[in-house]
Amino acid sequence: MSQYYYNPFGSGSDMNNNAMQMNFLRQQQAKKEKHEIRVISFSMGCAIVAYLIIQTIAVQFLNMLGWNDFYSQSTTFQYAFNILFVSFLSVLVPFGIVAIVNKKRYERSIVPSEKVGFAKGFCWVCFGMAGCVLANVVVSYIVAIIQQIVGHDLYSGLDIKPDSIFAIALEFVGIAIIPAICEELAMRAFSLQLLAKYGKGFGVFAVSLVFGLLHGNIVQFIFAFLVGVILGFVTVKTNNIAPAIFIHAFNNGMSAVQSAVTYFAGENAANVVSVIVYVFWIAAGVLSGLYLLLKKEFVKTKEKSNSVLTTGQKFSAFLFPWMIVPFVELIVITAINFTIKA
């Protein structure tokens, strides 16, 4: 008489069927995620192109009105122009539209606002600022070496210097406060919160690439990318947009402080103040980093991604094909500026 043995794990064929079904579902999920990432990439790519188009239209508008000389001579008008046409219309509005178009794809609050205690918030700001200062130093050395090789200034744009107390105040508003609010809402809120569901690390680096592409040339791309990684890291660790806004504002504000000191006390005094500010932020950042390390803030993870894609698959879907145009745009603009300077 044959005996029947019960197998609690099912037969081999059942296990194979289950494995095949799981693999099929995984492939379908991967296909869906790639499609979603490409849709998000397309919308962000359009926002980057819109950034350039809006500013081009604004410049043409100045030409039509014959205000070019007034723009180049009035620092007050330049700051006001940057607030309206760069920070608001060119950055916040296009990426606000990205958030609206993709609103059904958000799995978390569009603007991260989890409560952060004052001590931890302050330490994250100091830590982030130290990172920004180091990024600035590194990029400055790289640029200096490249400029010695090619024999030309790699930076582009007007060197705006305030010519009155009102212009100094407007500079703080125009290059520190307003850009910090608008760009952090666009990048670390609207964009990062959209991509972080596929992995926080992926979201931070992808949005940092976008942030770099908005800055118009390769040198500023490198610096903005590094700063973007720092701002994104702080945002995902705190799940609050406020620390990133403060870091961004303080980072941009260092330039405004230097301009203000130059106006009141001269360039030598401004250079001394700049060194003092750099040393302060590095020291404060090191101490804050130690505090955060002791509190195990760097290793705290509140949620994990359920994405089935590998990191390479995510970036491939994000970069190709819709980010190619912004990257080509970056190279072309850099080449044009370099040719003009040469």
Side-chain angles (χ1 to χ4, degrees), residues 40-65 67-68 70-72 74-102 110-111 155-160 170-194 206-221 223-225 227-228 231-232 241 244-245 248-249 251-253 255-256 322-323 325-334 336-337:
I40 295 170
S41 173
F42 174 74
S43 60
M44 289 186 180
C46 288
I48 297 171
V49 174
Y51 171 85
L52 177 64
I53 292 175
I54 292 170
Q55 291 187 63
T56 302
I57 292 173
V59 170
Q60 293 303 317
F61 183 68
L62 289 177
N63 290 334
M64 289 174 57
L65 295 176
W67 289 357
N68 282 332
F70 179 59
Y71 176 83
S72 61
S74 173
T75 55
T76 301
F77 183 71
Q78 289 176 35
Y79 296 134
F81 180 89
N82 289 340
I83 291 172
L84 178 60
F85 287 101
V86 178
S87 296
F88 184 70
L89 289 180
S90 298
V91 177
L92 188 61
V93 171
F95 282 93
I97 294 173
V98 169
I100 293 172
V101 170
N102 294 282
I110 296 179
V111 179
Y155 287 101
S156 64
L158 295 172
D159 184 15
I160 305 174
L170 195 58
E171 180 180 20
F172 275 97
V173 175
I175 74 171
I177 299 174
I178 299 300
I181 294 172
C182 291
E183 292 177 17
E184 289 313 304
L185 285 175
M187 296 292 102
R188 260 57 66 175
F190 302 159
S191 300
L192 180 55
Q193 293 297 93
L194 186 59
V207 171
S208 298
L209 287 173
V210 174
F211 187 51
L213 287 169
L214 290 177
H215 283 75
N217 65 54
I218 291 178
V219 173
Q220 292 179 4
F221 168 84
F223 177 65
F225 171 77
V227 170
L231 294 169
I241 195 66
I245 291 176
H248 197 145
N251 181 61
N252 288 11
S255 175
W322 304 118
M323 283 294 154
V325 171
F327 270 103
V328 171
E329 175 185 286
L330 175 73
I331 295 171
V332 170
I333 293 175
T334 302
I336 291 173
N337 289 331

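All heavy atoms count here, side chains included; hydrogens, waters and symmetry mates do not. What you see is a predicted model, and the numbers here were worked out from it, not measured in a lab.
A distance of 11.5 Å separates CD1 in Ile245 from CD1 in Ile177, rounded to the nearest 0.5 Å. Atom CZ of Phe223 and atom CG of Asn251 lie 4.5 Å apart (nearest 0.5 Å). Once rounded to the nearest 0.5 Å, the distance linking CG of Leu213 with CD of Gln220 reads 12.5 Å. Taking CD of Gln60 as the start and CD1 of Ile57 as the end, the distance is 9.0 Å to the nearest 0.5 Å. To the nearest 0.5 Å, atoms CD1 (Ile331) and CD1 (Ile218) are separated by 6.0 Å.
The side-chain heavy atoms of Ile54 and Pro94, taken from C-beta on, include a pair separated by under 4.5 Å. Side-chain contact between Tyr79 and Phe172 is absent, with no heavy atoms from C-beta onward closer than 4.5 Å. At least one side-chain heavy atom of Met44 sits under 4.5 Å from a side-chain heavy atom of Met323. Counting heavy atoms from C-beta on, the side chains of Glu329 and Ile48 come closer than 4.5 Å. Using a 4.5 Å cut-off on side-chain heavy atoms (C-beta onward), Leu231 and Met187 make no contact. Ile175 has its side chain within reach of Ser255: a pair of non-hydrogen atoms, C-beta onward, lies under 4.5 Å apart.
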Check your understanding: Are Gln193 and Ile110 close enough, and set up right, to give a side-chain contact (heavy atoms from CB on, under 4.5 Å), and what steps lead you there?
Key -> CA-CA 6 Å; Gln193 293 297 93; Ile110 296 179; 5.6 Å; no
Exercise for review: Would you sort out whether Phe88 and Ile83 count as a side-chain contact (heavy atoms from CB on, under 4.5 Å), showing the intermediate values?
Suggested key: CA-CA 6 Å; Phe88 184 70; Ile83 291 172; 5.9 Å; no
**Study point:** side chain to side chain donor-acceptor pair (under 3.5 Å) between Asn102 and Ser43, worked out
**Key:** CA-CA 9 Å; Asn102 294 282; Ser43 60; 3.2 Å; yes
Check your understanding: Taking it one step at a time, do Phe85 and Leu62 satisfy side-chain contact (heavy atoms from CB on, under 4.5 Å)?
Key -> CA-CA 12 Å; Phe85 287 101; Leu62 289 177; over 6 Å; no
Exercise for review: Kindly determine whether Phe211 and Phe225 satisfy ring pair (Phe, Tyr, Trp, His ring centres under 6.0 Å), including the steps that lead there.
Suggested key: CA-CA 6 Å; Phe211 187 51; Phe225 171 77; 9.8 Å; no
Exercise for review: Decide yes or no on side-chain contact (heavy atoms from CB on, under 4.5 Å) for Phe95 and Leu185, but give the supporting numbers first.
Suggested key: CA-CA 9 Å; Phe95 282 93; Leu185 285 175; over 6 Å; no
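Between the side chain of Ser191 and the backbone N or O of Ala186 there is at least one donor-acceptor pair closer than 3.5 Å. Remark: side-chain polar atoms of Asn82 are not paired, donor with acceptor, to backbone N or O of Gly174 under 3.5 angstrom.
Residues Glu184 and Ala244 come closest through the heavy atom pair OE1-CB, 3.4 Å. Shown here for Val173 and Pro179, the closest heavy-atom pair between the two residues is O-CD, 3.7 Å. Considering every non-hydrogen atom in both Tyr51 and Val91, the closest pair reads CE1-CG2, 3.6 Å. When every heavy atom of Trp322 is checked against every heavy atom of Ser41, the shortest pair comes out as CB-OG, 3.6 Å.
Each of Phe61, Trp67, Tyr71, Phe70 was evaluated against Phe81; a single residue qualifies, Tyr71, per the ring pair (Phe, Tyr, Trp, His ring centres under 6.0 Å) test.
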